[in-house]
Amino acid sequence: MKKVEAVIKPFKLDDVREALSEIGITGMTVTEVKGFGRQKGHTELYRGAEYVVDFLPKIKLEIVVAEAQLDQCIETITTVARTGKIGDGKIFVSEVQRIIRIRTGEEDNDAI
C-alpha cells in the first residue's frame, strides 16, 4: 500500500476528484495549505501599496491506494492537475505499513 500526497492548485481540485473517482479511487483527505517552491510567491498591489505574497494557497490531497492502483493514480493526478505553468504542484509517494478501519476493525487492503 502506498500513500500519495499531491499538492495542486486549488481550482483543479474538483477536476482531480472526479477523475480519480472515475478510476475507482473514492477516499481522500483534502487540506487547504500554503507554500511555495520555485514559484517563490509574487507581488500584488493593494490600495496603491505593493506587497509580496510569499506563501501561495494550494490544496493537499492525501490518498492511500493499493500498489496495483499507484501508477494509474499518479498518471491521473498529473494529467488533470497540469496547466503547464509554474506552480502546478508536486506528488509525493510513501510506503504505508498498516491501515485499520476504526469502525469495523478491517485492516490493510480491506480497510482502503
Side-chain angles (χ1 to χ4, degrees):
M1 295 167 297
K2 301 289 186 178
K3 180 178 183 182
V4 177
E5 295 178 74
V7 179
I8 62 172
K9 291 184 175 185
F11 68 90
K12 286 293 192 172
L13 175 60
D14 287 335
D15 296 338
V16 170
R17 185 191 54 77
E18 287 175 20
L20 289 172
S21 183
E22 286 174 13
I23 63 167
I25 296 172
T26 54
M28 68 179 68
T29 301
V30 177
T31 310
E32 292 181 13
V33 296
K34 291 184 179 192
F36 70 90
R38 289 185 182 163
Q39 202 171 2
K40 295 200 173 58
H42 63 277
T43 58
E44 287 188 4
L45 201 58
Y46 180 71
R47 293 188 177 183
E50 192 175 279
Y51 64 99
V52 176
V53 178
D54 289 328
F55 296 100
L56 301 170
K58 301 287 182 181
I59 295 291
K60 180 180 179 183
L61 302 175
E62 295 176 83
I63 307 158
V64 176
V65 296
E67 192 99 27
Q69 288 182 299
L70 180 63
D71 290 336
Q72 190 177 20
C73 176
I74 292 170
E75 184 180 327
T76 300
I77 294 169
T78 302
T79 303
V80 176
R82 180 181 289 136
T83 65
K85 297 182 179 149
I86 194 165
D88 276 349
K90 293 221 173 29
I91 298 174
F92 306 95
V93 179
S94 56
E95 189 73 34
V96 174
Q97 298 295 322
R98 190 172 176 198
I99 302 171
I100 298 110
R101 185 183 310 247
I102 295 171
R103 180 176 55 86
T104 62
E106 293 172 299
E107 293 198 25
D108 300 330
N109 283 330
D110 294 333
I112 295 177

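Values below: every heavy atom of this structure, side chains too, minus hydrogens, waters and symmetry copies. Quick note: residue numbers are just sequence positions, from 1. As the structure is a prediction and not an experimental result, all values here were calculated from the model.
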| said: For a 4.5 angstrom cut-off between non-hydrogen side-chain atoms, does Lys12 reach Ile59? | reply: no

On a heavy-atom basis, the closest approach of Lys34 and Pro57 is CG-CA, 4.2 Å

Looking only at heavy atoms, the pair that brings Ile63 and Val65 closest together is CG2-CG1, 3.6 Å

In short, Ile112 meets Ala66 closest at the heavy-atom pair CD1-N, 3.9 Å

Go through the steps for Leu13 and Leu61 under the test side-chain contact (heavy atoms from CB on, under 4.5 Å), then give the verdict. CA-CA 9 Å; Leu13 175 60; Leu61 302 175; 3.5 Å; yes

Distance col, row Leu20:CG vs Asp15:CG, nearest 0.5 angstrom, shows 11.0 Å

- Message: Test your reading of the model: is there a side-chain donor-acceptor pair from Ser21 to the backbone of Arg17, 3.5 Å cut-off?
- Response: no

For Phe92, the hydrophobic cluster (side chain heavy atoms closer than 4.5 Å, chained through members) also holds Val7

Exercise. Treating Ile, Leu, Val, Met, Phe, Trp and Tyr as nodes and any side-chain heavy-atom pair under 4.5 angstrom as an edge, say whether Val93 and Ile77 lie in one connected cluster.
Key: yes

- Message: Side chains of Glu62 and Met28, heavy atoms from C-beta outward: is any pair under 4.5 Å?
- Response: no

- Cluster question for you: counting only ILVMFWY and a side-chain heavy-atom cut-off of under 4.5 Å, with indirect links fine, are Ile91 and Val30 together? yes

Query raised in the report: More than 12 foreign heavy atoms under 6.0 Å from CZ of Arg101: is that the case here?
Result: yes

Tightest non-hydrogen contact, residues Gly87 and Lys9, listed as O-CE, 3.2 Å

Closest non-hydrogen atoms of Ile25 and Cys73, given as atom of the first, atom of the second and distance, are CD1-CB, 3.6 Å

Could you give me the CA-CA distance, side-chain angles and deciding distance for Glu67 and Met1, then say whether side-chain contact (heavy atoms from CB on, under 4.5 Å) is met?
CA-CA 5 Å; Glu67 192 99 27; Met1 295 167 297; over 6 Å; no

*What do you reckon, is CD of Glu32 surrounded by more than 12 foreign heavy atoms closer than 6.0 Å?*
no

OG1 of Thr76 to CD1 of Ile23, rounded to nearest 0.5 Å, is 3.5 Å

CD of Glu75: more than 12 outside heavy atoms within 6.0 angstrom?
no

Inset, instruction - Indicate yes or no for a side-chain donor-acceptor contact from Lys2 to the backbone of Gln69 under 3.5 Å, with no hydrogens or angles considered. - result: no

### Query
Are the side chain of Asp88 and the backbone N or O of Thr83 linked by a donor-acceptor pair below 3.5 Å?
yes

query: Okay, side chain of Asp108, backbone of Ile99: is any donor-acceptor separation there less than 3.5 Å?
result: yes

